[in-house]
Amino acid sequence: MSRLVCVSNRITLPRKAAAPGGLTVGILSALKRSGGLWFGWGGETVDTEPGEPDIHIREGVTYATIELRKHDFDLYYNGYANEVLWPLFHYFLKGMRYSHEQRDAYEDVNRQFAQKLMPLLESRDVIWVHDYHLIPLGRSLREAGARQPLGFFLHIPFPNIEMLRVLPSYAELLRDLTHYDVVGFQTHNDLRAFQSGIEQVLGKEAMRGDGRIRVGERWVRAEVFPIGVDIDVVREEAVAAVGSEVVRRMSDSLMGRSLMMGVDRLDYSKGLVERFSAYQHFLEAFPENLGRITYIQIAPLSRQDVKGYTEIRQSLEQAAGRTNGRFADTDWTPIRYLNRNFAHPVLMGFLRAAKVGLVTPLRDGMNLVAKEFVAAQDADDPGVLILSTLAGAARELNTALLVNPYDYRAVGHAIQAALSMPLGERRERHASMMQVLKRNDIGAWTRRFLDALEQSAQGESRVRAIANSG
Ligand code: ADQ
């Protein structure tokens, strides 16, 4: 039987207190089904030559972690990945800072990944590479002699060609993606953006009617695989956590007020500054809610070494301070803004306790918090999801209250509508979203991707064994 090898920039070994991000949840779900190897950077930087990968085995999954030189890491991760690709792919040109030195480091670190991974590979492996940090890895692996089936999934949006062309090396980026057998995206928009880029670089004749791309003698499959959540796990975590001390303490402290929750990494793409303005507008426009609603925003700091993240942090502290200074009473704080992590089950308990889930990114590949909010609700008395039209999740969760996150008035009105929505309507909207979540849960995501790899040019029978083992 063949083995699944997942590769991502960062590996988080399972720890009790760890708060896994979306990518981690997805990869673990895939690996736990079939066992296999997870390869990536372990979180340590060194000043000397990095050593050989460290190997750990936990619950049937082998974790191989590598070190990176500090200088390389700064240029590759803080630099190219997070100051060039992340802002560009999220349509934030203002945050983009391009340098050739960063680009060279990005290429170099991808080659280092390939060199360190090659000796660990077996001929029957199937390789699944994750996200924008590792776009050139497929080419580097092929150059190093890898012949195994290679898949790539992009967790973030893929920009329209007119945006992508801002990148001096955009054509190389598109060509690099064609070294994979399967390239996966979150939504049809992303897929179309990729296809229009490919048409521009390889010509219209490279595109087949069925969506495949011809590259010399090879075919590349580019498709949509919307990532989902494990509905049962989220529900179980949420139900169990509601009785836990930390969630009970939070609920008691509301003193009967309605709870509105936001849960995000602190990132400019998540639209928190705009969200805070919208909330302030809501309190001004609908003063009957003063003292009756508590908005808890959980936003742990991320990427603190990347310029731009300090600014957003300051803006948010000021905005929360302004709203609280203006509207708070001796026994009521309108916004509770927390820069800290909570264990996943606790978060799910908070989401279940909320009457309103506020998920208003300015751009997001998918946004799993939106899906988790829906899955965590009590179906008999569900809360209402307010969701940005610019999140990938809005393509599927179209019975959420959809808002343009830049339109603070519309977001304020949506909060008011959510708070006063009758039970029947809440149930209907929730039931319809649950159907979508069931169809596209995390297991379906993994299976579909591995099935596509199965049908791709190489390694049919080997991949089938993995896909069926779930
Ligand atoms: P992220 O940008 O990290 O992921 P998201 O999809 O919201 O964003 O996933 C976050 C995950 O981390 C969720 O499981 C959530 O519960 C958890 N999380 C978020 N905030 C947390 C907090 N404060 N404490 C603890 N856990 C927290 C990227 C893309 C997304 C895409 C995912 C998966 O940017 O668009 O949905 O990958 O593909």
Side-chain angles (χ1 to χ4, degrees), residues 22-23 80-98 102-103 106 129-136 138-139 152-180 182-215 220-227 267-271 274 308 359-367 370 387-398 402-407:
L23 186 142
Y80 200 74
N82 286 322
E83 282 184 4
V84 179
L85 296 182
W86 177 272
L88 178 72
F89 280 36
H90 287 86
Y91 293 76
F92 287 101
L93 280 188
K94 204 173 137 237
M96 179 178 151
R97 292 175 183 83
Y98 184 86
Q102 291 178 342
R103 160 105 204 279
Y106 179 72
V129 177
H130 291 260
D131 231 0
Y132 60 103
H133 316 86
L134 299 176
I135 290 171
R139 172 170 50 84
F152 177 86
F153 184 77
L154 185 70
H155 289 256
I156 65 174
F158 194 84
N160 189 284
I161 181 64
E162 279 312 305
M163 177 60 66
L164 189 64
R165 269 169 6 110
V166 169
L167 189 69
S169 53
Y170 80 94
E172 287 87 337
L173 183 146
L174 282 159
R175 283 204 189 91
D176 278 350
L177 284 168
T178 64
H179 284 268
Y180 294 93
V182 175
V183 183
F185 299 95
Q186 300 272 28
T187 69
H188 284 281
N189 268 5
D190 302 313
L191 175 63
R192 273 194 297 272
F194 172 68
Q195 288 169 334
S196 69
I198 288 290
E199 275 184 19
Q200 189 148 126
V201 171
L202 299 186
K204 273 201 166 48
E205 56 285 2
M207 301 292 306
R208 271 268 301 255
D210 62 3
R212 286 189 300 158
I213 300 162
R214 174 147 211 145
V215 188
V220 179
R221 278 181 75 161
E223 283 176 35
V224 176
F225 305 92
I227 194 168
D267 190 289
Y268 48 82
S269 67
K270 302 292 182 185
E274 292 73 8
V359 184
T360 55
L362 305 179
R363 190 73 61 170
D364 219 327
M366 177 56 67
N367 197 300
L387 179 60
S388 163
T389 51
L390 302 175
R395 305 276 142 185
E396 295 165 84
L397 303 181
N398 52 17
L402 295 178
V403 289
N404 180 324
Y406 291 96
D407 186 346

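Predicted, not measured: the structure shown is a model, and the values here were computed from it.
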Next item on the list: Show your reasoning for whether side-chain contact (heavy atoms from CB on, under 4.5 Å) applies to Leu387 and Val403.
Entry: CA-CA 6 Å; Leu387 179 60; Val403 289; over 6 Å; no
Next item on the list: Apply side-chain contact (heavy atoms from CB on, under 4.5 Å) to Trp86 and Asp267, showing your working.
Entry: CA-CA 11 Å; Trp86 177 272; Asp267 190 289; 3.2 Å; yes
Margin query: Set out, in order, the CA-CA distance, both residues' side-chain angles and the distance that settles side-chain contact (heavy atoms from CB on, under 4.5 Å) for Arg175 and Leu202, then state yes or no.
Written below: CA-CA 8 Å; Arg175 283 204 189 91; Leu202 299 186; 4.2 Å; yes
Note to self: Please determine whether side-chain contact (heavy atoms from CB on, under 4.5 Å) holds for the pair Thr187 and Glu396, giving the CA-CA distance in whole Å, both sets of side-chain angles, and the decisive distance to 0.1 Å.
What the structure shows: CA-CA 9 Å; Thr187 69; Glu396 295 165 84; over 6 Å; no
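Screening Asn189, Ile213, Leu164 for a side-chain contact (heavy atoms from CB on, under 4.5 Å) involving Phe194 leaves a single residue, Ile213. Among His130, His90, His133, the single residue meeting the ring-ring contact (aromatic ring centres under 6.0 Å, His included) criterion with His155 is His130. Results of the side-chain contact (heavy atoms from CB on, under 4.5 Å) test with Ile156 over Asp190, Asp131, Asp364 single out Asp131 as the only residue that passes.
In this structure, Met366 CE and Ile227 CD1 are separated by 7.5 Å, a value rounded to the nearest 0.5 Å. Atom CD1 in Ile135 sits 6.0 Å away from atom CG in Leu154 (nearest 0.5 Å). In this structure, Phe153 CZ and Leu134 CG are separated by 14.0 Å, a value rounded to the nearest 0.5 Å. Put simply, CZ on Arg103 and CG on Leu85 are 10.0 Å apart, with the number rounded to the nearest 0.5 Å. In this structure, CG in Asn160 is found 10.0 Å from CZ in Arg165, a value given to the nearest 0.5 Å. Here Glu162 contributes atom CD and Gln200 contributes atom CD; the two are 6.5 Å apart, rounded to the nearest 0.5 Å.
With contacts defined as side-chain heavy-atom distances shorter than 4.5 Å, the pair Met207/Gln195 qualifies. Between Val182 and Phe225 the shortest side-chain heavy-atom distance falls below 4.5 Å.
Closest approach of Tyr132 and Ala81 over heavy atoms only: CE1-O, 3.3 Å. The two residues Asn367 and Ala393 make their nearest non-hydrogen contact at O-CB, 3.9 Å. Scanning all heavy atoms of the two residues, the minimum distance from Tyr180 to Pro136 falls at OH-C, 4.5 Å. Annotation for Pro405 and Pro361: closest pair CG-O, 3.3 Å, computed over non-hydrogen atoms. Closest approach of Met96 to Leu167, counting heavy atoms only: CE-CD1, 4.3 Å. Taking all atoms of both residues into account, the shortest heavy-atom contact from Gly271 to Leu362 is CA-CG, 3.6 Å.
A donor-acceptor contact shorter than 3.5 Å is absent between the side chain of Tyr98 and the backbone of Val166. Thr389 contributes no side-chain N or O that, together with a main-chain N or O of Leu402, makes up a donor-acceptor pair within less than 3.5 Å. Although no hydrogens or angles enter the test, the distance criterion places no donor-acceptor pair under 3.5 Å between the side chain of Glu223 and the main chain of Gly184.
More than 12 heavy atoms of other shown residues, nucleotides or ligands fall within 6.0 angstrom of atom CZ in Arg214.
Here the two rings, on Phe89 and Phe158, have centers that are under 6.0 Å apart.
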